[in-house]
Amino acid sequence: MKILRWFIMISFVITTALFVIFFIGEKRTTDNTIPVIKVEGDLIEVSINATNEELLKGVTAYDEKDKDLTDRVIIESVSKFIDEGVCKVVYAVCDNDKNVANATRKIKYVDYESPKYSVNKSLCFSIYDKVNISQAIHAVDCIDGDITRSIIVTSEDFTGSVVGVYSIDVSVTNSKGDISNIKLPLVVEDRSLSAPEIELSQYLVYTKIGEEIDFKSFISSVESKTQQELPVESVRVESDININEAGTYAVHYYVLDSKGVQGHTILNVIVG
């Protein structure tokens, strides 16, 4: 019995000694230092097409044990907009012992523009038409490309097959959280299905303040249901647009065929 006790005691002492030796050795070889990332400036200005190399410009990393870790720095994430055209980028680096460090900086996209819309069909309908604008309005973003599927169209006053000028609200949000809203008129009128048709190359245009526009240059064709084609010169253009004041304006195009039947369509112009 005594021999067993002595054996257990000796085994315990040996095990404890080995544990202490191993622990001390492990402590001596383990790197407990955290890498340090240094970032030049609180904000950099870049293009929306900036490469990772450009986003990493002015970023360095160092570790006491592994020395220079600059070539290991990665872009961990780029946030949604925290201000107009401004995001927060998070950098990360890991040393040989898997110690991780992070740093942040703001980036501003100098050439960023909010999502823009295009309209490829007239928003002026006859009461005999089926009003369908689902395929008429599109949106393009300089970061995400075509974001038409994200468009939301609502109206508080539209009533189908009832003559009137209604308002539709169009909204779209890109991946950076930027929301672009426009309000467009939707016209329903007591117009014969045999009325001549004025086709435009586009039904929504953007222009800068003070920039003159040749409205007739948007006319693609003028076709009559009773005769093949009408001259562009026969189209009458009416508008209250003020090119010196930002806003959304409607430009109206009218034409009469040989029987006095009037055709009508609208070009929407966003100034600003």
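All figures in this text were calculated on a predicted structure; none of them were measured in a lab. Below, each value reflects all heavy atoms present in this structure, side chains not excepted, and no hydrogens, waters or symmetry copies.
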Min side-chain heavy-atom separation [X]-[Y] under 4.5 Å:
{"X": "Val187", "Y": "Ile266", "value": "yes"}
{"X": "Leu56", "Y": "Ile75", "value": "yes"}
{"X": "Leu267", "Y": "Phe215", "value": "yes"}
{"X": "Pro196", "Y": "Val261", "value": "yes"}
{"X": "Val235", "Y": "Ile219", "value": "yes"}
{"X": "Cys87", "Y": "Tyr109", "value": "yes"}
{"X": "Val269", "Y": "Leu204", "value": "no"}
{"X": "Ile168", "Y": "Phe158", "value": "no"}

Test item: [X] side-chain N/O and [Y] main-chain N/O as donor-acceptor pair under 3.5 Å:
{"X": "Tyr128", "Y": "Asp190", "value": "no"}
{"X": "Lys259", "Y": "Ala195", "value": "no"}
{"X": "Ser122", "Y": "Thr265", "value": "no"}
{"X": "Ser221", "Y": "Glu223", "value": "no"}
{"X": "Arg191", "Y": "Cys124", "value": "yes"}
{"X": "Thr159", "Y": "Val162", "value": "no"}
{"X": "Thr70", "Y": "Thr60", "value": "no"}
{"X": "Glu54", "Y": "Thr51", "value": "yes"}
{"X": "Asp257", "Y": "Gly260", "value": "yes"}
{"X": "Tyr203", "Y": "Ser118", "value": "no"}

Would you compute the distance between atom [atom1] of [X] and atom [atom2] of [Y] and round it to the nearest 0.5 angstrom?
{"X": "Asn96", "Y": "Asp66", "atom1": "CG", "atom2": "CG", "result": "4.0 Å"}
{"X": "Leu69", "Y": "Asp71", "atom1": "CG", "atom2": "CG", "result": "7.5 Å"}
{"X": "Ile127", "Y": "Ser161", "atom1": "CD1", "atom2": "OG", "result": "7.5 Å"}
{"X": "Lys88", "Y": "Asp83", "atom1": "NZ", "atom2": "CG", "result": "13.5 Å"}
{"X": "Thr173", "Y": "Lys80", "atom1": "OG1", "atom2": "NZ", "result": "8.5 Å"}
{"X": "Arg236", "Y": "Lys216", "atom1": "CZ", "atom2": "NZ", "result": "10.5 Å"}

Determine, using the 4.5 Å side-chain heavy-atom cutoff (strictly less than), whether [X] and [Y] are members of one ILVMFWY cluster.
{"X": "Val78", "Y": "Tyr91", "answer": "yes"}
{"X": "Leu256", "Y": "Ile198", "answer": "no"}
{"X": "Val271", "Y": "Ile182", "answer": "yes"}
{"X": "Ile243", "Y": "Val205", "answer": "yes"}
{"X": "Val39", "Y": "Ile44", "answer": "yes"}

Inset, instruction - Decide yes or no on salt bridge (Lys or Arg N to Asp or Glu O under 4.0 Å) for Lys65 and Asp95, but give the supporting numbers first. - result: CA-CA 9 Å; Lys65 179 184 175 184; Asp95 66 14; over 6 Å; no

If I compare all heavy atoms of [X] with all of [Y], which pair ends up nearest, and what's the gap?
{"X": "Ile34", "Y": "Asp63", "answer": "C-OD1, 3.9 Å"}
{"X": "Lys121", "Y": "Ala136", "answer": "CB-CB, 3.8 Å"}
{"X": "Ser234", "Y": "Val255", "answer": "OG-CG2, 3.5 Å"}
{"X": "Ile37", "Y": "Ala101", "answer": "CD1-O, 3.5 Å"}
{"X": "Val153", "Y": "Ile151", "answer": "CG2-CG2, 3.7 Å"}
{"X": "Asn99", "Y": "Thr33", "answer": "ND2-O, 3.2 Å"}

Legend entry - Residue Glu238 excluded, over 12 heavy atoms near CD under 6.0 Å: yes

Legend entry - Neighbour count above 12 (heavy atom, 6.0 Å) for Lys108 NZ: no

Inset, instruction - Determine, stepwise, if the pair Val131 / Leu186 fulfils side-chain contact (heavy atoms from CB on, under 4.5 Å). - result: CA-CA 9 Å; Val131 177; Leu186 188 152; 4.0 Å; yes

Legend entry - Short side-chain donor-acceptor distance under 3.5 Å, Asp146 and His138: no

Inset, instruction - Would you check if there is a donor-acceptor pair between the side chains of Ser201 and Ser220 at a distance under 3.5 Å? - result: no

Inset, instruction - Taking side chain to side chain contact (heavy atoms under 4.5 Å, CB included) as the test, write out the residues that go with Asp157, two or more places apart. - result: Ser155, Tyr166, Ser167

Inset, instruction - Quick one: do Phe125 and Glu189 satisfy side-chain contact (heavy atoms from CB on, under 4.5 Å)? Show the steps, please. - result: CA-CA 6 Å; Phe125 298 89; Glu189 54 192 6; over 6 Å; no

Legend entry - Aromatic ring pairing Phe81/Tyr112, orientation class (parallel under 30°, perpendicular over 60°, tilted between): perpendicular

Legend entry - Cation-pi, Tyr206 ring and Lys116 (6.0 angstrom, 45 degrees): yes

Inset, instruction - Return each pair, listed once, that meets salt bridge (charged side-chain N to carboxylate O under 4.0 Å, His left out) where at least one residue sits in residues 194-210; pairs must be two or more places apart or across chains. - result: Glu197-Lys225

Legend entry - Chi angles and distances behind the side-chain contact (heavy atoms from CB on, under 4.5 Å) call for Leu55, Ile107: CA-CA 8 Å; Leu55 295 179; Ile107 57 173; 4.0 Å; yes

Inset, instruction - List the steps, then state whether side-chain contact (heavy atoms from CB on, under 4.5 Å) holds for Leu184 with Val119. - result: CA-CA 10 Å; Leu184 298 174; Val119 179; 4.2 Å; yes

Legend entry - All pairs passing side chain to side chain donor-acceptor pair (under 3.5 Å) where residues 34-49 contributes a residue, at least two apart: Ser47-Asp111

Inset, instruction - With Ser114 as reference, evaluate Asp178, Asn181, Asp141, Asn174 under the side chain to side chain donor-acceptor pair (under 3.5 Å) test and give the passing residue. - result: Asp178

